[in-house]
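First comes the structure, then the notes that go with it.
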Amino acid sequence: MRLPESNAQSSKRDPRSEERISCLTLVIMPELPEVETVARGLDENVAGDVIESVWLGSKPEPLKSSAAEIASVLEHSRIVRVRRVGKHIVFDLEKGARGEWVVHLGMTGQLLIASPSLETAKHTHAILKLASGRELRFVDPRRFGRLAVVRLESGDGAGFAAPGNEPLEAKIDQFIGLFHHRKTPIKSALLNQKLLSGVGNIYADEALFRAKVRPRRRASSLTRGELQKLHTGLLAVLREAIKAGGSSINDYVDAEGQAGFFQLKHRVYGREGKPCFVCKTPIKRVIIAGRSSHYCPHCQK
DNA sequence: ACTATGTCCTGCGAGC
DNA sequence: TGCTCGCAGGACATAG
C-alpha cells in the first residue's frame, strides 16, 4: 500500500485545511473503520451545507441510480448528516422531502472536499457544488465504487439499510447464530456482507489471527469458545482501527506524519513470509474464495 | 438455501 | 530501459 503521488500535493501544513479529508481518503482501503472515519470527517465538514448543483461524468458511470435521479435528489438539498452504514457512506438530505445519497467507495473511491480551483483529478466521476463555495468530488480510478440515491417519501421511510448486521452492534449470541451452522470457510463467512456488513479482507484476517483460528476452517467447525474469541477479536481490531483513524482526523499534520491508520500495525495481513509477532513463525498466505488470506500456521489452529 | 467461482477496473511493481 | 503480465479486492452474477 503506497501513497499515491497526488497525496503529496494535497497535503497542506494547516491542519484545519479542508484538504485534510482528501489526505485521509487517499491512503486507505475502505473497510468499516476507514469508511467510519471518512463519514465522520465529512459529517464534521459538510453537514449543514447545501448542494447547489451536480455534475456526473459522462462515461459509463458507476451509478446505481440513474444520473437524472441522482441529480434530482441531490440538487438544492441540505446535507443534514453524514454517517456510515456497513461500508456505505450515507448523506441524510433535506429538501422539503427527505432523501439519502449513498456512496460506496469500492476499492479506490475517494470523496474529496476541494476548492473549485483545485485541478480535477483523473477518474473524477461526480462533482457537487456546495453553497459554501467548496466542492465535494467523487474520484474512483478502479470504478468499483457506487453512487445511489434513496427517496424517502414520508417522514418515516425506511431509508438505506445494510444487507446484514452491524458488526459493532452484533451481540455474541447473534454473532454465533450467524456462523455456527455454515459450511463455508470462516474467512468467506466473515466477508459475506449479508451476515456482517462492513468486514473486509484485512480485518477478517486480523480478527482470525486474534481468535487463533485458521481462515480455511469451516465456520461450523468453530467451537463456541472460538466464536466468542472471534467476536472479541473482531470488535477489538475494528475499534482500534477506528480510534487510530479518528485520531488522525484530530491530529493530522502532514503527509510525512502518516498518522491515523499507519499507527495500526497489521499482524498478519500483507506480512507473508515475515515472522509472526508472537512466535516468529513465517506468516503464510493462501487464496480463499479468490481472496488472499494471511495467517500464522503455528498460532492459528 | 447455500456455496463456489468468475467478472469488473486500473495502477503498480516484479521480472525479464 | 522498457515492456508484459499478474495482482489487488467488494459486490454482484451465474453456476452448481
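Checked against salt bridge (Lys or Arg N to Asp or Glu O under 4.0 Å), A:Arg239 has no partners two or more places apart in sequence or in another chain. The side-chain contact (heavy atoms from CB on, under 4.5 Å) test applied to A:Glu166 returns A:Leu32, A:Arg84, A:Leu168, A:Glu169, not counting sequence neighbours. For A:Arg291, the salt bridge (Lys or Arg N to Asp or Glu O under 4.0 Å) criterion is met by no residue, not counting sequence neighbours.
Applying the ring-ring contact (aromatic ring centres under 6.0 Å, His included) definition to pairs two or more places apart or across chains, those involving residues 100-122 of chain A are A:His88-A:His104, A:Phe91-A:Trp101. Listed by first then second residue, pairs satisfying side-chain hydrogen bond (donor to acceptor under 3.5 Å, both in side chains) with a partner in residues 68-77 of chain A read A:Glu69-A:Arg151, A:Ser72-A:Arg151, not counting sequence neighbours. Among residues at least two apart or in separate chains, ring-ring contact (aromatic ring centres under 6.0 Å, His included) pairs with a member in residues 281-301 of chain A are A:Tyr269-A:His294.
Direction of the helix axis in the helix from B:dC2-C:dG16 to B:dC16-C:dG2 shifts by 50° between the two five-pair termini, rounded to 10°.
When hydrophobic residues (I, L, V, M, F, W, Y) are linked wherever their side-chain heavy atoms come within less than 4.5 Å, the members clustered with A:Val278 are A:Phe209, A:Val268, A:Ile283. The hydrophobic cluster analysis finds A:Phe277 isolated: no Ile, Leu, Val, Met, Phe, Trp or Tyr side chain comes under 4.5 Å of it, directly or through other members.
For the contact set between residues 164-189 of chain A and DNA chain C, defined by any heavy atom under 4.0 Å, there are no members.
Side-chain N/O atoms of A:Arg146 and base N/O atoms of C:dG10 include no donor-acceptor pair closer than 3.5 Å.
With centroids closer than 5.5 Å and planes inclined by less than 30 degrees as the test, A:Phe144 and the base of C:dG10 pass as a stacked pair.
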Distances under 3.5 Å between nitrogen or oxygen atoms of protein and nucleotides 13-16 of chain C:
none

If you restrict it to nitrogen or oxygen atoms, what contacts under 3.5 Å exist between nucleotides 6-8 of chain C and the protein, and what is each distance?
from: C:dA8; atom 1: OP1; to: A:Arg285; atom 2: NH1; distance (Å): 2.6
from: C:dA8; atom 1: N3; to: A:Arg142; atom 2: NH1; distance (Å): 2.8

